Amino acid sequence: CFFFFFFKQKTAYEISACLVGSEMCIRDSYYAEGALWQAMAAFVQTERLTAVGQAFSIFHDEAYQEKNVDVELCLPVKQSGKNQGDFRFRDVEGRAAMASTFVCGPFSEIAGAYRAFVCWLEENGTHLDGPDRQIVHRGPWNETDPRQYLTEIQIPVRKEAEVPLG
């Protein structure tokens, strides 16, 4: 199943700023995040960090690409700790308008859903306004059937009227 689900005002909702523990890197593909999440989980456990929200990925590439994906894994945390190796603590800015859609099914369906979502946003006079995020609500750690995975795609947006004139 694939469906659009919007909160408030039928287009977007606000995301608050938050302190995160994060790890950034260039991955071969979107499917190479698993090992990175395992390393982050081990670090969080070793450092006894307290999560205060849902973990998410931020994709820093300017456009969708299949290879050399610039991804940052983020876990909202209660308090900052000591930066170690590739693991850093930082504030992630809030967003006034974050469009959201959910993809139900295997991770291989996310790319098509992402492209369709971006087209829909652009056709409706909405401009992308920063790096997109993904939250996997159901995945291999809590769901055995990939057809039941649930991934949320979040894209910061602004309407045409809000586009700065250059």
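As the structure is a computational prediction, the values presented were derived from the model and not from experiment.
- For Arg90, the side-chain hydrogen bond (donor to acceptor under 3.5 Å, both in side chains) partners two or more places apart in sequence, or in a different chain, are Glu72.
- Linking Ile, Leu, Val, Met, Phe, Trp and Tyr whenever their side-chain heavy atoms come within less than 4.5 Å puts Val71 and Trp37 in one cluster.
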Pair His137-Phe102, ring-ring contact (aromatic ring centres under 6.0 Å, His included): steps then yes or no = CA-CA 10 Å; His137 297 280; Phe102 287 81; 5.6 Å; yes
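- Counting heavy atoms from C-beta on, the side chains of Leu36 and Cys25 come closer than 4.5 Å.
- For Arg95, the side-chain hydrogen bond (donor to acceptor under 3.5 Å, both in side chains) partners are Glu93, Asp129, not counting sequence neighbours.
- Remark: side-chain polar atoms of Thr126 are not paired, donor with acceptor, to backbone N or O of Glu122 under 3.5 angstrom.
- Applying the side-chain hydrogen bond (donor to acceptor under 3.5 Å, both in side chains) test to Ser57 and every residue at least two apart in sequence or in another chain returns Glu33.
- In this structure a side-chain-to-backbone donor-acceptor pair under 3.5 Å is missing from Asp70 to Asp61.
- No side-chain heavy atom of Val157 sits under 4.5 Å from any side-chain heavy atom of His127.
- Not counting sequence neighbours, His60 has no partner by the ring pair (Phe, Tyr, Trp, His ring centres under 6.0 Å) test.
- In this pair, Phe89 and Phe87 present their aromatic rings perpendicular. The plane angle is above 60°, beyond the 30 to 60° band.
- Contact check for Asp132 versus Gln154: no side-chain heavy atoms found under the 4.5 Å cut-off.
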Where do Arg133 and Met98 land on the side chain to side chain contact (heavy atoms under 4.5 Å, CB included) test, with the steps shown first?
-> CA-CA 10 Å; Arg133 302 179 184 187; Met98 187 74 81; 3.7 Å; yes
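- You'll find the side chain of Leu73 stays beyond 4.5 Å of the side chain of Phe56, heavy atoms only.
- Taken together through direct or relayed side-chain contacts under 4.5 Å among Ile, Leu, Val, Met, Phe, Trp and Tyr, Met40 and Val69 form part of one hydrophobic cluster.
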Show the numbers, then the answer: is there a side chain to side chain donor-acceptor pair (under 3.5 Å) between Glu152 and Ser100?
-> CA-CA 7 Å; Glu152 181 179 0; Ser100 173; 2.7 Å; yes
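- Panel note: side chain Arg138, backbone Gln148; a donor-acceptor pair is recorded below 3.5 Å.
- Connection of Ile155 to Ile58 is not established within any shared hydrophobic cluster, with ILVMFWY side chains joined at heavy-atom distances below 4.5 Å, either directly or through further cluster members.
- Side-chain atoms of Tyr114 and Val103, non-hydrogen and from C-beta on, never get closer than 4.5 Å to each other.
- For Glu47, the side chain to side chain contact (heavy atoms under 4.5 Å, CB included) test picks out Phe43, Leu49, Gln84, with sequence neighbours left out.
- Proximity of Thr151 to Ile135: side-chain heavy atoms (C-beta onward) are nowhere separated by under 4.5 Å.
- Side-chain contact between Trp120 and Val118: absent, with no pair of heavy atoms (C-beta onward) separated by less than 4.5 Å.
- Qualifying side chain to side chain contact (heavy atoms under 4.5 Å, CB included) partners for Asp91, counting only residues two or more places apart in sequence or in other chains: Leu19.
- What you find for Phe59 and Pro131 is that their closest heavy atoms are O-CB, 3.2 Å.
- A donor-acceptor pair is defined here as one N or O able to donate and one able to accept, closer than 3.5 Å; such a pair exists between the side chain of Asn142 and the backbone of Gly139.
- Between Thr50 and Val77, every side-chain heavy-atom pair lies at or beyond the 4.5 Å cut-off.
- Taking hydrophobic clusters as Ile, Leu, Val, Met, Phe, Trp and Tyr residues chained together by side-chain heavy-atom distances below 4.5 Å, Leu75 does not share a cluster with Val92.
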